[in-house]
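Note on naming: letters A, B, ... go to the chains in the order of the sequence lines (proteins, then strands), and numbering restarts at 1 for each one.
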There are 2 protein chains.
Amino acid sequence: MDGYPSLDRIDLKILAVLQEDGRITNQALAEKVALSPSACLARVRRLEAEGLILGYHARLDIERIRPTVTVYGEVTLKSHRPADLLTFEAALAEIPEVVEAAQVSGPFDYLIKVVSPDVRFWGELADHLLQEGLGVDKIASHILMKDAKPFRGAPVTARRHPGFDG
Amino acid sequence: MDGYPSLDRIDLKILAVLQEDGRITNQALAEKVALSPSACLARVRRLEAEGLILGYHARLDIERIRPTVTVYGEVTLKSHRPADLLTFEAALAEIPEVVEAAQVSGPFDYLIKVVSPDVRFWGELADHLLQEGLGVDKIASHILMKDAKPFRGAPVTARRHPGFDG
DNA sequence: CCTGAAATCCACTATTG
DNA sequence: CAATAGTGGATTTCAGG
């Protein structure tokens, strides 16, 4: 459990810019953060090596690529022993349609996001999760009706108080 | 409401590769899909223009950049008139800590994901959402304990049946 | 729609401050 | 740690099929 790496204003700016435009050229990035290209590239490589940048990805409009039903599942397990949690997580890792999974506090244990071709597929997937000795007690599901705010990144710098003024 | 664009095997491969590695060079991409660099680039530009590729982003480990508490909020509105939904969604769009929001079916109306510096911030944000004439009835929240499977993209091609064999 | 060539631009590595 | 300059390689455009 080590602390936070020491990041100066330039590092944070680089992270913010790359999160917004992952394909910006190093030259343009260097200009935005007021650094020479070589110094900028060295910082980017350092941020990658430190694991603060985990990867670069194209964001796709999957619903326009093929028919899709996205479902959020609230999964409750029968047991909360660490080994059982890991077994369940390992199973999720093997299912490509489970695109995201979070262990959460509250009345259920995991919130999972599933991108399936139709509702039947989700039904079969839920059945599998309930049957295959994964210790799943129950699953409540919510179908995504509208992607009101697609994920585009988290704020790199924290505000102290929320506000609707920005 | 138009149908799906006609995408051949190469287009789907390009989308899959770029989703996995958004910073791959056009040359390497062209090689992977067995096309010349110029033909490959033309396809990528077409996919971008058609809106199937919405953007490119670095994926950051925000929890290692700064202290973070991620919360899922289940938001119930008082009214479900389209105008009220849009008002609420517009408010969410203005709050950078709300990193994702989905309108869903079921006993609540929106599932929102919030990245806040601490729990107090989330409390204040929830209070604001409940007070400011946005028509919010109630919010149930779940704190993220462990990011069991971070989002890295959705499968570009659909399977017919789920299975744990891959 | 593709290929292939030509020109521009960029990434990356010394080298130096 | 950062700036500068140079080279190899990539991006991008365009002519041609």
Cluster overlap A:Val114 with A:Leu129, hydrophobic side-chain contacts below 4.5 Å | yes

Phosphate OP1/OP2 of C:dC12 contacted by A:Arg45 side-chain N/O (<4.0 Å) = yes

A:Tyr4 versus B:Glu63, side-chain donor and acceptor atoms under 3.5 Å | no

For A:Ile10 and D:dC1, give me the distance from atom CD1 to atom P, rounded to whole Å.
-> 11 Å

Starting at atom CD of B:Glu31, determine the distance to atom C1' of C:dG4, rounded to an integer number of angstrom.
-> 16 Å

CD of B:Glu48 versus P of D:dT11: gap in Å, rounded?
-> 13 Å

Check whether the ring centres of B:Phe151 and A:Phe151 lie less than 6.0 Å apart, and answer yes or no.
-> no

Using a cut-off of less than 4.0 Å, is there contact between a side-chain N or O of A:Arg43 and OP1 or OP2 of D:dC1?
-> no

Quiz: residues 67-77 of chain B side-chain donor-acceptor pairs under 3.5 angstrom, not counting sequence neighbours:
{"unit_1": "B:Thr68", "atom_1": "OG1", "unit_2": "B:Arg66", "atom_2": "O", "d": "3.0"}
{"unit_1": "B:Glu74", "atom_1": "OE2", "unit_2": "B:His142", "atom_2": "NE2", "d": "3.2"}

Hey, does A:Arg23 reach any base, or is it just sugar-phosphate, or nothing, if we go heavy atoms under 4.0 Å?
-> nothing

Validation row, ring centre A:Tyr110 to ring centre A:Phe88 under 6.0 Å = yes

Nearest whole angstrom, please: distance from the P of D:dC1 to the CG of A:Leu41.
-> 16 Å

Shortest non-hydrogen contact from A:Cys40 to A:Asn26?
-> SG-OD1, 3.6 Å

Along nucleotides 3-10 of chain D, 5' to 3', which nucleotides get a B, which get an S, and which get a -, given that the test is a protein heavy-atom distance under 4.0 Å?
-> BB-----S

